[in-house]
Amino acid sequence: MKLVQKYVNEINKLPLSEQKRILEEEYEWLLREEKEKKEEKTLPPLPNAVEGKVVTRFAPNPDFVIHLGNARPAILSDEYAKMYKGRMILRFEDTDPRTKRPMIEAYDLIKEDLRWLNVVWHEEYIQSQRIEIFYDVAREVIKRGCAYIDLCKEKSRELLRAGKSCETRNNSVEWQLEQFDKMLEGYYGEGEAVVRMKTDLSHPNPSVRDWVAFRIIDTERYPHPLVGSKYVVWPTYNFAVSVDDHMMGVTHVLRGKEHQVNTEKQLYVYRCMNWDPPEFIHFGRLKLEGFIMSKSYIRSLMEENPDKFMGFDDPRFGTIAGLRRRGILPEAIRQLILEVGIKRGDAKISWDNLAATNRKILDPIADRLMFVWDPVEITLDINECMTASIPYHPDRPERKREIQVCPREKILVNKNDLDRRDIRLMGLGNFSIENGAAKLINVELDYARQRKLPIIQWVPASKSVKLKVMEPQGLEFRIYDGYIESAIREYKIDARLQLFRFGFIRLDQISGDEYIAILSHK
RNA sequence: GCCGCCGUAGUAUAGCCCGGCCCAGUAUGCGGGCCUUUCGAGCCCGUGACCCGGGUUCAAAUCCCGGCGGCGGCACCA
């Protein structure tokens with residue numbers, strides 16, 4: 001072991017170019033193996049999938065914007081549709097205008113988020129526009145004797161719990177159809193009549209026993225934002241989903257495990273209608289460490305603190321819009337979700353992991369600028385004007401800006417960086433600090449390297465621009481007030497930059513001469 | 001409480017179906033080094049896990065049984 005350590009140290013002492021040369025010359029076969037390894041990492045195959053025939057779907061409720069957890073079924077459905085050269089369907093499930101009242105803006109906001117995530121869908125449906133279709137299937141299901149009208153109101157719940165049912169279950173098909181029409185005509189009020197699927201009355205899960213397929217909603221009181229009070233009889237989730245998945249030719253349903261029992265319920269519709277059920281795949285829940293994802297919690301936070309949050313795209317929220325505003329790239333989200341895959345277990349994604357993934361994508365494309373927070377003013381003790389020439393990106397040294405400073409000019413540096421006597425001001429030269437003045441030693445970079453001087457960022461006091469960087473920390477922001485090079489003026493809102501020795505930011509607002517950015521991550 | 005699913009390092013994941021090639025691979029994190037006008041990236045070294053207990057077997061992360069733990073569901077929500 002010690003021997004290995006010794007050799008490693010020896011090799012590490014060699015310059016990198018030399019290491020590379022030896023590797024290429026003598027161990028070329030090793031490199032080749034490495035390359036082959038890196039290309040894998042794909043999703044497992046879907047059961048019963050035929051290329052060109054796979055149809056997946058993403059079916060959000062438009063009562064709010066989507067969050068990272070919703071992105072999992074969306075991205076996986078998209079990914080599998082692409083993998084098998086199939087189709088993907090986007091379907092808005094807005095069949096409850098009362099307890100999950102759709103948010104009219106959400107239809108477009110969700111599409112915007114999906115497009116940003118590079119999710120491609122080929123067809124788009126809205127369930128509230130398809131109510132008549134559900135009625136038609138309802139009549140057929142009743143005719144086949146698989147459903148009945150329950151007029152027992154609250155009593156049914158007790159009966160079902162005891163493994164019994166409302167006596168109307170055994171009435172004739174003609175009677176059931178008549179009652180269904182009465183429901184449609186508005187004869188019954190809310191809670192007075194429901195359509196139930198006939199299932200196993202002794203099913204171990206009471207909620208599966210004769211589950212509700214249609215109920216009455218007083219849409220005069222609770223109008224639907226899209227269809228107003230046109231309908232009073234509304235299908236439940238399980239009925240509408242079964243019908244739509246079948247009619248739209250969905251072959252593979254990818255959804256969270258909270259739907260496992262629903263799958264069981266939906267199978268009763270398939271069996272009654274003699275339809276082939278799709279493949280159902282249930283995966284665990286996805287959480288992002290330190291972020292709020294719950295729709296209702298976000299909503300209540302926003303209502304209770306109207307001035308505290310920027311909207312549902314507040315970077316402190318785990319919404320897709322929030323992550324976008326923070327500066328997370330869609331590729332990073334996709335990569336992460338593919339890595340998590342379709343396991344049944346839950347996954348708590350750590351922020352470090354998301355940040356690292358994002359950083360790797362960002363690093364080669366983000367320009368670098370100097371930013372000074374907690375600033376201290378020092379005077380330059382130099383004999384003639386000097387020019388610092390710094391590339392925007394180390395990979396493209398030809399793209400650079402120049403910053404000129406002259407004798408007696410004041411510059412700003414981070415307070416923390418002054419605990420050393422000698423420093424190197426990035427791009428400018430080596431200085432010794434004394435009594436608020438920086439005296440030029442020389443300009444050699446090697447001098448700084450040999451002495452391990454810290455290479456710090458700085459900005460001219462008179463020519464720099466105010467920048468406020470907001471770092472999300474739980475439900476709060478940590479604020480860094482400081483100054484950035486005037487080169488910031490070359491960038492527009494949404495620009496992604498790396499600030500030397502500080503972190504990656506996304507430019508969020510420009511008001512007059514004040515710039516505001518959000519810290520994506522270090 | 002009842003029903004169901006799951007349980008590999010701090011986090012995520014591979015392997016589990018078809019037991020040996022796994023004293024468990026990868027990524028991220030953490031410690032160290034090289035490189036670098038960044039405390040970023042890259043490169044190198046190291047660190048760290050099969051929930052517990054029995055059983056089957058020459059051999060178990062992998063099969064069986066029993067615990068324990070986590071999650072989901074138990075709506076006229078989706």
Side-chain angles (χ1 to χ4, degrees), chain A residues 1 4-5 7-9 11-17 19-20 23 37-38 40-41 59-63 93-96 98-100 127 150 153-154 156-157 161 190-196 203-209 211-217 234 236-238 240-241 255-262 264 282-285 289 295 335-336 338-341 343-357 359-360 362-364 366 368 370 388-391 394-395 397 424-429 445 448-449 453-457 498-504 521-522:
Chain A
M1 218 54 227
V4 172
Q5 192 67 47
Y7 282 122
V8 166
N9 284 339
I11 292 168
N12 275 343
K13 270 180 201 142
L14 292 172
L16 196 65
S17 56
Q19 286 185 32
K20 224 186 230 169
L23 193 66
K37 257 189 186 169
K38 277 198 174 162
E40 31 185 342
K41 199 78 196 172
N61 182 331
D63 65 341
E93 311 214 310
D94 54 349
T95 56
D96 184 359
R98 187 177 47 194
T99 50
K100 287 234 170 133
Q127 284 189 323
D150 174 347
K153 305 179 193 172
E154 305 85 43
S156 306
R157 205 170 298 205
R161 213 179 352 238
E190 271 190 15
E192 289 177 358
V194 294
V195 179
R196 286 185 184 275
H203 194 284
N205 187 334
S207 84
V208 176
R209 318 222 259 250
W211 54 269
V212 172
F214 287 86
R215 78 295 209 192
I216 291 163
I217 294 172
W234 286 84
T236 58
Y237 167 79
N238 280 307
V241 165
R255 52 168 37 158
K257 67 178 176 188
E258 66 270 26
H259 288 295
Q260 260 171 168
V261 179
N262 290 326
E264 234 175 297
H282 299 110
F283 37 77
R285 314 201 105 198
E289 177 195 84
K295 291 176 179 182
Q335 213 167 300
L336 214 67
L338 291 184
E339 198 184 306
V340 170
K343 289 223 319 180
R344 278 160 180 270
D346 292 348
K348 281 167 237 104
I349 307 275
S350 68
W351 172 252
D352 281 345
N353 232 295
L354 215 207
T357 308
R359 188 157 44 222
K360 276 194 192 122
L362 223 41
D363 189 77
R368 273 71 159 155
M370 295 193 288
S389 181
I390 305 172
D395 293 350
R424 178 175 177 83
L425 297 176
M426 191 179 285
L428 202 61
L445 181 57
R449 286 218 181 117
L453 297 188
I455 299 166
I456 69 168
Q457 72 276 27
Q498 191 192 154
L499 307 181
F500 281 109
R501 300 172 72 227
F502 181 73
F504 291 83
H521 42 74
K522 298 278 177 197

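Reminder, nothing fancy here: chain letters follow the sequence lines and each chain counts from 1. If you're wondering where the values come from, they're calculated on a predicted model, not measured in any experiment.
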Of the listed nucleotides ([options]), which one gets closest to any side-chain atom of [X]?
| X | options | answer |
| --- | --- | --- |
| A/Asn353 | B/A14, B/U11, B/C71 | B/U11 |
| A/Thr236 | B/C77, B/U11, B/U38 | B/C77 |
| A/Asp96 | B/C5, B/C77, B/C3 | B/C77 |
| A/Val261 | B/A12, B/G73, B/A78 | B/G73 |
| A/Gln260 | B/U38, B/G40, B/G4 | B/G4 |
| A/Arg501 | B/U13, B/A41, B/C39 | B/C39 |

[X] near the nucleic acid: base, sugar-phosphate alone, or nothing, with a heavy-atom cut-off under 4.0 Å?
| X | value |
| --- | --- |
| A/Lys348 | sugar-phosphate |
| A/Glu93 | sugar-phosphate |
| A/Val194 | base |
| A/Arg285 | sugar-phosphate |
| A/Lys153 | base |
| A/His282 | nothing |
| A/Thr95 | sugar-phosphate |
| A/Phe214 | nothing |

What's the gap between [N] and [M] when it is taken at their [atom1] atoms, as a whole Å value?
| N | M | atom1 | value |
| --- | --- | --- | --- |
| B/C58 | B/C43 | P | 47 Å |
| B/G10 | B/C50 | P | 9 Å |
| B/C34 | B/C51 | C1' | 40 Å |
| B/G40 | B/A49 | P | 27 Å |
| B/G70 | B/U38 | C1' | 41 Å |
| B/C63 | B/C2 | P | 27 Å |
| B/C30 | B/C68 | C1' | 30 Å |
| B/C64 | B/G1 | P | 26 Å |

So which atom in [X] and which in [Y] form the shortest heavy-atom distance, rounded to 0.1 Å?
| X | Y | value |
| --- | --- | --- |
| A/Gly284 | A/Asp346 | CA-OD1, 3.5 Å |
| A/Arg255 | A/Tyr237 | NH2-OH, 3.3 Å |
| A/Thr95 | A/Gln127 | CG2-OE1, 3.7 Å |

At less than 3.5 Å, do the side-chain atoms of [X] and the base atoms of [N] form a donor-acceptor pair?
| X | N | result |
| --- | --- | --- |
| A/Asn262 | B/A78 | yes |
| A/Asp352 | B/U11 | no |
| A/Glu289 | B/U11 | no |

Nearest whole angstrom, please: distance from the [atom2] of [N] to the [atom1] of [X].
| X | N | atom1 | atom2 | value |
| --- | --- | --- | --- | --- |
| A/Asn205 | B/C2 | CG | P | 14 Å |
| A/Asp346 | B/U8 | CG | P | 11 Å |
| A/Arg98 | B/A78 | CZ | P | 10 Å |
| A/Lys360 | B/G40 | NZ | P | 13 Å |
| A/Glu339 | B/U28 | CD | C1' | 8 Å |
| A/Lys257 | B/C3 | NZ | C1' | 14 Å |
| A/Glu264 | B/C74 | CD | P | 13 Å |
| A/Leu453 | B/C39 | CG | P | 13 Å |

Is [N] paired to anything, Watson-Crick or G-U wobble with both distances less than 3.5 Å, and if yes, which nucleotide?
| N | result |
| --- | --- |
| B/G1 | B/C74 |
| B/G10 | B/U28 |
| B/G66 | B/C52 |
| B/C58 | B/G20 |
| B/U36 | none |

Report yes if a side-chain nitrogen or oxygen of [X] is closer than 4.0 Å to either non-bridging phosphate oxygen (OP1 or OP2) of [N]; otherwise report no.
| X | N | value |
| --- | --- | --- |
| A/Arg157 | B/A75 | no |
| A/Arg359 | B/G29 | yes |
| A/Arg215 | B/C77 | yes |
| A/Arg344 | B/C71 | no |

Any [X] side-chain heavy atom under 4.5 Å of [Y] side chain:
| X | Y | result |
| --- | --- | --- |
| A/Val241 | A/Asn262 | no |
| A/Gln260 | A/Arg344 | yes |
| A/Phe283 | A/Val340 | no |
| A/Ile390 | A/Gln457 | no |

> Are side-chain N/O atoms of A/Ser207 and A/Asn205 paired as donor and acceptor at under 3.5 Å?
Replying inline: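 Short answer, yes.
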Taking the nucleotide of RNA chain B with the closest heavy atom to each, which residue, A/Asp94 or A/Ser350, is nearer the 5' end?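 So the residue in question is A/Ser350.
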Notebook entry, point to check: On RNA chain B, nearest-nucleotide positions of A/Thr357 versus A/Arg424: which is more 5'?
Noted result: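 Here A/Thr357 is the residue nearer the 5' end.
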So, does A/Arg368 use its side chain to make a donor-acceptor pair with the main chain of A/Pro391 at under 3.5 Å?
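Side chain of A/Arg368 to backbone of A/Pro391, a donor-acceptor pair under 3.5 Å: no, none is there.
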